[in-house]
Every structure is written in C-alpha cells, then in structure tokens.
4 protein chains.
Amino acid sequence: MDKKTAIKARRAHIINAALACFLEKGYNQTGIRDIARRAEISLGNLYNHFPSKKAVLIEIASMEEEEVEELITLLADYRNPERTLRRFLKVFTKACEDPDYVMLFFEIIGEAIRDKEISDLFIASHEKLVDALAGLLFAGQKAGTFHEQTDPREVAEIILDSLEGYGARAVLGMKTPRSGSKVLHDFLLKSILM
Amino acid sequence: MDKKTAIKARRAHIINAALACFLEKGYNQTGIRDIARRAEISLGNLYNHFPSKKAVLIEIASMEEEEVEELITLLADYRNPERTLRRFLKVFTKACEDPDYVMLFFEIIGEAIRDKEISDLFIASHEKLVDALAGLLFAGQKAGTFHEQTDPREVAEIILDSLEGYGARAVLGMKTPRSGSKVLHDFLLKSILM
Amino acid sequence: MDKKTAIKARRAHIINAALACFLEKGYNQTGIRDIARRAEISLGNLYNHFPSKKAVLIEIASMEEEEVEELITLLADYRNPERTLRRFLKVFTKACEDPDYVMLFFEIIGEAIRDKEISDLFIASHEKLVDALAGLLFAGQKAGTFHEQTDPREVAEIILDSLEGYGARAVLGMKTPRSGSKVLHDFLLKSILM
Amino acid sequence: MDKKTAIKARRAHIINAALACFLEKGYNQTGIRDIARRAEISLGNLYNHFPSKKAVLIEIASMEEEEVEELITLLADYRNPERTLRRFLKVFTKACEDPDYVMLFFEIIGEAIRDKEISDLFIASHEKLVDALAGLLFAGQKAGTFHEQTDPREVAEIILDSLEGYGARAVLGMKTPRSGSKVLHDFLLKSILM
DNA sequence: AATGAATGAGCCTTCATTCAT
DNA sequence: AATGAATGAAGGCTCATTCAT
C-alpha cells in the first residue's frame, strides 16, 4: 500500500515537472529529457511511468477535468441562479485570465486538432461544463429570473467562448478594456437576466 | 518589373506549398524539406526566398490580414447597419466553419503564444476587425437600430469570440445544435438589435 | 527434490517463452522484457534464473543437442545400413524443413560467428552428428552395401550440408523442385549405395 | 558529370565503411554512427546518401551479385565442361573460405529471414548461380563427360551447399580434413564425371 | 536564382542490467 | 524466489540551417 502511494507520488511528480516544462517552452519544444531532468529522474525510468510523451500530455489534459469538476459543483447551486451565475463568471474569468491556463489550453488544443485521443478528452470536459452552465440557465428561466432562451446550451457556449476569449486576449497582450472584465460581465448579464 | 513579378510568384508558390503542409501535418510536424518538396523547389533555393521556417509562417499569418481586409470593407457599409451586421455574421461564420481556417488559426496562435513577432501580427489583424465591427455597432446605435452599449468594442469581441468558438467546435467535432448557426445568430442579434 | 523440480520447470517455462520470441522476432529484436512478458514473469525474477540474455540463447542452443541425440540414436542402428540411412534422410529432411528449425539455426549461427561460447556448442553438436553419420557410412562400407569412400566424414558433411541447404531454401522461399526432397535423396543415395 | 562521379564515390566510400563495420562487429551491433564515423562523414549527411541502415545493407547485398556475375561468366565456358567445373570448384571454394565472405553471408542471411526485400535479393543471385552451374552440368551431360542426372539444378544446389558449408565450417573453426578441400572436390567430381 | 551535400544537435524511445524491497 | 522501479548509454533517424558550386 505504501509502495503504491510512492509510485503515485512519482507519477504526480513527473506530471508536475512536465507541466512546468510545457508552460515554459511549449509541448513541442519540450523534450522528454527536459521532463526527466526537471523531475530529477532518469530518462529510462520516466518510461516506466509513462509510455510516451503524449501519454504525459494526456494525463495533464485529464487533470483539467478536475478543475472543471469544481466549476460544475459551483454551478449546481440552483437556489439563487443569478447569484450563482455571477459567482461563476467571477471564478471562471479569473481562471481564464491565468496565463498558465491559457498557455496550457492552447498547447493542448494545438495537439487536439490532429489527435482524436486528446480532442475527445478536451471535448468531454467542455461538454460537461456547457451542460452544467446550461442547466443553471434553464433553472434561472424556470425561476423567472433569466430571460427565456431558445437554446440554453448555445447561450452557455457563448458565455464560455467570450470568457475564454477575454482571458486569452489578456494573456496575448491585446488591449483589454481598462474596466477589466466588468463590461463583459455586464453585457452577458444584461442579455440573460430579466 | 517582369523579374520582380516572377519572384513574387515563386514566393506565392512556396507559401501555398507551406500552407498545404501546415494544414496537413501541422506547423511543428512540417519540415522545411516537406515544404521544398511540395513546392518542387530545392532546399537551398527555398532559403533564397525565405530566411527561415518561421518567416514562412509569418508570411502566411500576414496573408490572413488580407481576408480580414475584405471583412472590414464589408463592415464599412453603414447605410443599413442591421443588414450589414447580418451579412457579416453570415460571411464570418462561414469562414470560421472552414476546417482549414480553424486549423491554421490554432497553428498560428500556438506559435504566437511564445513569439511576439507572430502574436503582434495576430493582434493587429484582430484589432482591426474589432475596430471595424465596433464601428458598425456604434453607427447602429447612432442610427437608432442597435441598443445602446457601454462598450461597443467589448460587444464586438463577444461576437467574434462566439463565432470563432462556434466554428472551432464544429471542426473539433463537438456536438453542435442541429439548427446550425441560426440560434447563435439570433441570440447575438437579439442582444444587439433594438 | 520437489523444489529443484519446480525451479527446473520455471527455467523450461522461460526457455519456451524465449524460444517463441526468438522465432517470432529474431534474437536481436527480442528484448529481455519481451521474454519476461511472454513467460509471465517479472523482469527481475528472470534474472534470478538466467544471468543474461545470452545465457538464455545458450540454453536454447544446448537444447538442440538433445534433438541431435535422437538422430544419433537412430544412426547407431548398423544392422541394415541402407535402411538406417534412408530413415535418417527422411527424418532429418523433415526436421530441416521446419521453418522454426531453420530460423533458430540462423539466429544461433548469426551469434555464433562472433561468440566462441556459442560456436563451440554449435560445433560440438554438429561434430557428434557428423561422427554418427560417418560411423554409419563406414559400417555400410564394411557391410559391402556402401561404396568405398576416401573420407566418410567428408561425405557425411556433404549429406548434412545439402539437407540443411535444402531445408533453408524451402523456408527462404526459393523455388524448390516439385518432386520435393526425392531428387535430392536419390542423388545422395546413388553416390553412396553400391 | 564530375559532380555525379564524386557522389558515386561518396556512396562507395560509405559502403566500404559500412562493410568494414558489419564484418567487424556484425550488422546489428553496428550503429549508424559507427558507419558515419568510419566513413568520416557526418551522421546527417549519411542520410543524404542512404535513407536507412537497411538500405546500406541492401546495397552491400547487391554488390555480392557482381561477384556472382564473375562466377557465372566462368561457368559459361562449355568448351571443356570438366575443366570448367574443376576451375569453378577451385574458385568458389576459395571464395567460400574467405572469412569476410562467410561472415557477410551470415549477416545478410540473418536479416533475410525476416525481410523479404533482402531475401529476394539473396534468392535472385543464388538462383542465377544455380542456373549457371546447372547449365554447365547439362552441357557436360550432352558432351558425354558428365553422368546423366535426373535434375541438374538439384545437383548444382548440392554442389553449392557443400562448398558453402565447407567454407563456413572452416571459418567457424570446425575440424576440417587436413587434406583441405581436395576430398570434397574428389567426391563431388566422382559423382558427376563419367 | 538554383542545387543538394554537409552539419551535428536534437528527436523519442528501447536496451540489458541492477537493486532495494 | 519474486517484484518492477531505476539507470543511462545507445538505438535509428530528423531537424533547421549553411555552403560550395
């Protein structure tokens, strides 16, 4: 049992090292050796824990799902839809503004375009988030605090796209309104709230 | 003059070959040799036209600006803001649904994250488009056919983000509403039109 | 005693797994891990039974001696030299036509060229077989059913070489006479029998 | 034209280096780097001349065909079949006794077992030699100096097998008759000549 | 402008073997 | 006897780029 724990820790340790490398230099520019070196592990041993470089990326991509899980929990609170929505906007915007998150997002999506295994992972967690957000929108409509929408999922997509876009632009160094995300939030809320 | 034209044609020829490669295998997976082979040009000669692999990508990225130029022209028609907006939504959505466009977008942005030269290019053309769209929104407000918006640029960003996101999802194979882009357009229009 | 038997069984089990691997992928292409996996044994434990990959090959090479032993027993029947010779031709040809035998032969000889330990083993069993066959030839001469030969050992070598060559060609996919080994046997017998 | 010659020389130079390596350490034990170093060429440049390690081996294997060509020329002299046969035995035996030839033979055949491309080459040159030798045997029969044989090709195979076997044994260090190849030649001739 | 030979660092991965448990 | 994590050298091969012609 103790041994199993130690091995899991090793895996986590490697993943952390890999993540640091990917963020620093990008997935393609990171060599397996960089990861091994950073993890202070021998090259060969790395392959005892992960069968390939891609496997490491996949593990990292799956980890994102856990973060999504937290957001989903947040969105599941239907008692006061408006409050929950506002809270979600704040939390998700903050996540999206994190340069690490943005970079990782693009690293992963860059691979996902040509790799079904990765894109499936990516899609799955995105869908979960859309469903949860759409669920809240629907609850808000039922409660009469949100506008009636033809398709809550589509609105959810728009919300996510614009928040993610906002974050990406911030990281890419595009001019962003001085007012920060307030204008964006206001616009979205105005379109949703009664 | 004739000579200059010939050289420009060569460059264009190389760019086309490179573009095909990038779309087919991705920027990182494409070797300079692949490009030369596809352009039916010698490796050494390629370097007579472009100093590096990155230079080729940059040229391609700049070409996107031309496409943006067309959109901007379209957006400059303020006579009937609503009609222009509807037309823009249609045209831009179609562009965003093109798998080639999406792939290229991600290839370029993937490099842009860590390369200021590329990201500047990227930002510049994006800003132009945002400005043009914001201009139309402002004109619409003036004309009284669009809602008053605190910040037209922000709304413009949202429109672009959601359309680009819509296209990306289509290419990545995510479930997309059977109704196509109609729901999305309707939502956006509803939030904008008086 | 029981324990010793168990260990021998393990060794035999490993040897079988290794043999299967060597036949399937070749000695050089087979990794120690492949053997361990096939034997359903751990990598480390394999080293408790064999000190190296070469040791496994050597054990397999030695096993061939046992097969030779059977042939030698067969050849020891001097009562009717012609009948024994005919029987030997039949049995040995069959063995030589076995793709597994041919492949193993070449795998082993391929290593033997540069490894005295292996070539000694190889030579030893070959010499035994030559001696036994030469013994039969000599007995046949004495009995007056075989031609007088200057050097029975040399004739024995020719017989073995041509039979092994015949088998090898069959496995390598060379055109082989439709008549099978009959023509070969007839030629050899004609040169030997009175 | 001059350039073409230079490149051919490079290729030949690399082949020689590779051959030396293969003979010294064996095909599998030789690294591409060993070849490059021996040829005093950079690793990458080697790949400008040969697409893979196997391609180098194949080129070497094809070179053997040239040696076979000489033997075939020799065998084509039907004026005095017995004299030609005796000459062939002498020349071919000498070739087969060359340690380099034997080693190369086994290196190549070792790869040929699992590689059709190589085995095809191997088979082709072998068949040519068999045909040529069978042709001589047939001519000898016609001329009345050789025994009638059911199948000259089969006899040719036996001759080649026993000569190659003789050479291989010599190189592998097996006891060989003090009389050298004379006994072998005598036996073969006795079975063939009238 | 055009060629493709030349460079050598770098790529991901596999290897036989050892060792602590 | 049994496990599989750990080692790091070596495997074949590709890379963007330079250079002599």
Side-chain angles (χ1 to χ4, degrees), chain A residues 2-4 6-7 9-11 14 28-37 39-56, chain B residues 3 6-7 10-11 28-37 39-56, chain C residues 3 6-7 10-11 28-37 39-56, chain D residues 2-4 6-7 9-11 14 28-37 39-56:
Chain A
D2 196 30
K3 208 172 181 179
K4 257 190 178 171
I7 288 170
R10 263 271 188 274
R11 278 180 69 93
I14 293 169
N28 279 291
Q29 286 8 281
T30 297
I32 282 270
R33 283 172 166 79
D34 296 320
I35 301 172
R37 201 175 304 126
E40 289 176 305
I41 227 180
S42 80
L43 183 54
N45 195 19
L46 196 155
Y47 278 89
N48 279 327
H49 296 279
F50 295 92
S52 70
K53 187 182 170 186
K54 206 183 92 178
V56 176
Chain B
K3 207 171 178 181
I7 290 174
R10 257 280 189 269
R11 279 179 69 94
N28 279 289
Q29 285 16 280
T30 296
I32 283 263
R33 296 175 121 86
D34 296 321
I35 300 172
R37 203 176 304 127
E40 289 175 306
I41 226 179
S42 82
L43 191 51
N45 195 18
L46 195 154
Y47 274 89
N48 281 326
H49 295 279
F50 294 93
S52 71
K53 186 180 168 186
K54 207 182 91 178
V56 177
Chain C
K3 208 171 178 180
I7 290 174
R10 256 282 187 268
R11 279 179 69 96
N28 278 290
Q29 283 19 279
T30 296
I32 282 264
R33 295 174 121 88
D34 296 320
I35 300 172
R37 201 176 306 127
E40 289 175 307
I41 226 179
S42 81
L43 190 53
N45 195 18
L46 195 154
Y47 275 89
N48 281 327
H49 295 279
F50 294 94
S52 71
K53 187 180 167 185
K54 207 181 92 178
V56 177
Chain D
D2 197 28
K3 207 171 179 179
K4 256 190 177 170
I7 288 170
R10 262 270 187 276
R11 278 181 69 93
I14 293 169
N28 279 291
Q29 286 9 281
T30 297
I32 282 270
R33 284 169 167 81
D34 296 321
I35 300 172
R37 200 176 305 127
E40 287 176 307
I41 227 179
S42 81
L43 182 54
N45 195 20
L46 196 153
Y47 278 89
N48 279 326
H49 295 279
F50 295 93
S52 70
K53 186 182 171 187
K54 205 183 92 179
V56 177

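Below, chains carry the letters A, B, ... as their sequence lines are ordered, and counting in each starts from 1. No experiment lies behind these values; they were computed from the predicted model shown.
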Problem set entry | Value in whole Å for how far the P atom of F:dC13 lies from CG of D:Asn45 | 16 Å
For this session: Could you state the atom-to-atom distance from CD of D:Glu40 to P of E:dG8 in whole Å?
Result: 13 Å
For this session: With DNA chain F as reference, determine whether C:Leu46 or A:Arg10 sits nearer its 5' end, using the nearest nucleotide of each.
Result: C:Leu46
For this session: Give the intermediate values and the outcome of side-chain contact (heavy atoms from CB on, under 4.5 Å) for residues B:Val56 and B:His49.
Result: CA-CA 9 Å; B:Val56 177; B:His49 295 279; over 6 Å; no
Exercise. Between D:Ile41 and D:Arg10, which heavy-atom pair has the shortest distance, and what is it?
Worked result: CD1-CD, 3.6 Å
For this session: Take the protein atom CD1 of A:Ile41 and the nucleotide atom P of F:dT7, then report the distance between them rounded to whole Å.
Result: 7 Å
Exercise. Where is the tightest heavy-atom contact between C:Ile32 and C:Ser52, given as atom of each residue plus distance?
Worked result: CD1-C, 4.5 Å
Seminar exercise, completed: Taken in chain and number order and not counting sequence neighbours, the residues that satisfy salt bridge (charged side-chain N to carboxylate O under 4.0 Å, His left out) with A:Arg33 are none
Exercise. With sequence neighbours left out, what residues match D:Arg11 under salt bridge (charged side-chain N to carboxylate O under 4.0 Å, His left out)?
Worked result: D:Glu59
Seminar exercise, completed: For D:Ile35 and D:Leu46 the tightest heavy-atom approach is CG2-CD1, 3.8 Å
Problem set entry | side-chain contact (heavy atoms from CB on, under 4.5 Å) partners for B:Asn28, two or more places apart | A:Asn28, A:Gln29, B:Glu111
So which protein N/O to nucleotides 11-14 of chain E N/O distances come out below 3.5 Å?
from, atom 1, to, atom 2, distance (Å)
E:dC12, OP1, A:Thr30, O, 3.4
E:dC12, OP1, A:Lys53, NZ, 2.7
E:dC12, OP2, A:Ile32, N, 3.0
E:dC12, N4, A:Arg33, NH1, 3.0
E:dC12, N4, A:Arg33, NH2, 3.3
E:dT13, OP2, A:Tyr47, OH, 2.8
E:dT13, OP2, A:Lys53, N, 3.1
E:dT13, O5', A:Tyr47, OH, 3.3

For this session: For B:His49 and for D:Ile7, find the nucleotide of DNA chain E with the closest heavy atom, then tell me which residue's nucleotide is more 5'.
Result: B:His49
Exercise. Looking at E:dA6, E:dT3, F:dA1, which one has an atom nearest to any side-chain atom of D:Asn48?
Worked result: E:dA6
Seminar exercise, completed: Pairs under 3.5 Å (Watson-Crick or G-U), crossing ones as [ ], inter-strand ones as |: DNA chain E comes out as .||||||||||||||||||||
Exercise. For A:Lys4 and F:dA5, what is the distance between atoms NZ and P respectively, to the nearest whole Å?
Worked result: 12 Å
Exercise. To the nearest Å, how far apart are D:Phe50 CZ and F:dT14 P?
Worked result: 16 Å
Problem set entry | Sequence-distant partners of D:Asn45, side-chain hydrogen bond (donor to acceptor under 3.5 Å, both in side chains), two or more places apart | D:Asn48
